[in-house]
Enquirer: 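Mind having a look at this structure? Questions to follow.
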Amino acid sequence: MASPRERNVVLLGAPGSGKGTQAERIVARYGLPHISTGDMLRAAVAGGSEMGREARRYMDAGELVPDEVVIGVVRERLTEDDAREGFLLDGFPRTIDQAVRLDALLGEAGRGLTHVIQLEVPEDELVARLAGRRLCRACGKSYHVVFDPPSREGVCDACGGELYQRADDDETTVRNRLAVYRAQTEPLVEHYRPQGILGTASGGGKLPDEVFEQVVAILDSTAS
Ligand code: AP5
Ligand code: MG
């Protein structure tokens, strides 16, 4: 069991459901370290390590990187000091095997997940969100050309960095990422429901701050 103050959180949701967007707000309010396997894998790709080169083949095709690789990355990250009293996992776990291994890993340390937040968004909205997403090359801040545009096109409001489009945000890869999510990740909802730690926030047609109100209600609930 986690200690009473500890929030060990998983953000679960399809590509484009707003995991990164909500993570920014959760980090600002609750001070949890943001552990995004997608960001960590992209950093490995950019760094040109052997693991990065292997991961890239899967990521560019919209497929999942093998469980063994991703679990190794998360296991190491969770032992770092800042994750000892809580963490926010974004994009992990993504398969039943990853979820079972995470439960075991935390259990060995006398810990457990306290909240799994499912972000629900209709499929056409996911496609529109990903097609218009832009990211800052310098600070990583995320924008959307229609829903959340920067004040100056192509330039980050926060740091003045250059905005770019993610390599896997082209329509064909997006469709495959969504299919992979339905087949391999959505079943996690039924893995977590019986544990009594699952909360759902509906994101369809809502502003990020409106979704965040639901997220806060889940994180502040005493039931978990
Ligand atoms: P990852 O980086 O995790 O990507 P993803 O799950 O596909 O999700 P995204 O990051 O695309 O979307 P998001 O939910 O964060 O949405 P965002 O907030 O940006 O993974 C990438 C790849 O890495 C995977 O395909 C796989 O290959 C590999 N990988 C990662 N983890 C792995 C694992 N555990 N196992 C195996 N492989 C793994 O929002 C999207 C856009 O919408 C933005 O433009 C934003 O501004 C906008 N937006 C957000 N909220 C709203 C709103 N309420 N209204 C309107 N617009 C909104
Ligand atoms: Mg993300």
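Just so you know, these numbers come straight off a predicted model, no measurement behind them. Just so you know, ligand 1 is whichever comes first in the structure, and atom 1 is the first atom listed for that ligand.
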Enquirer: Minimum heavy-atom separation for A201 to V215, with atom names?
Expert: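 Smallest heavy-atom distance, with atoms named: CB-CG2, 4.3 Å.
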
Enquirer: Name each donor-acceptor pair under 3.5 Å that joins a side chain in residues 9-18 to protein atoms two or more places apart or in another chain, with its distance.
Expert:
| unit_1 | atom_1 | unit_2 | atom_2 | d |
| --- | --- | --- | --- | --- |
| S17 | OG | A14 | N | 3.4 |
| S17 | OG | A14 | O | 2.7 |

Enquirer: Looking at residues at least two apart in the chain, or sitting in another chain, which of them share a side chain to side chain donor-acceptor pair (under 3.5 Å) with D148?
Expert: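 Not a single residue meets the side chain to side chain donor-acceptor pair (under 3.5 Å) criterion with D148.
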
Enquirer: Can a salt bridge be assigned to the pair E68 and R101 using a cut-off of 4.0 Å between side-chain N and carboxylate O?
Expert: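 Salt bridge flag = yes for R101 with E68.
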
Enquirer: Using side chain to side chain donor-acceptor pair (under 3.5 Å) as the criterion, list what pairs up with R84, not counting sequence neighbours.
Expert: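 Testing R84 for side chain to side chain donor-acceptor pair (under 3.5 Å), a comparison that skips the adjacent residues, returns D81.
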
Enquirer: Which protein residues have a heavy atom under 4.0 Å from ligand 1?
Expert: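 Within the 4.0 Å shell of ligand 1, which is judged on heavy atoms, sit A14, P15, G16, S17, G18, K19, G20, T21, T37, G38, L41, R42, M59, E63, L64, V65, V70, G91, F92, R94, Q98, R129, L130, R133, S142, Y143, H144, F147, R166, D168, R177, K206, L207, P208.
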
Enquirer: Under a 4.0 Å threshold between the charged nitrogen and the carboxylate oxygen, would R53 count as salt-bridged to E50?
Expert: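 Not counted as a salt bridge, because no side-chain N and carboxylate O are separated by less than 4.0 Å.
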
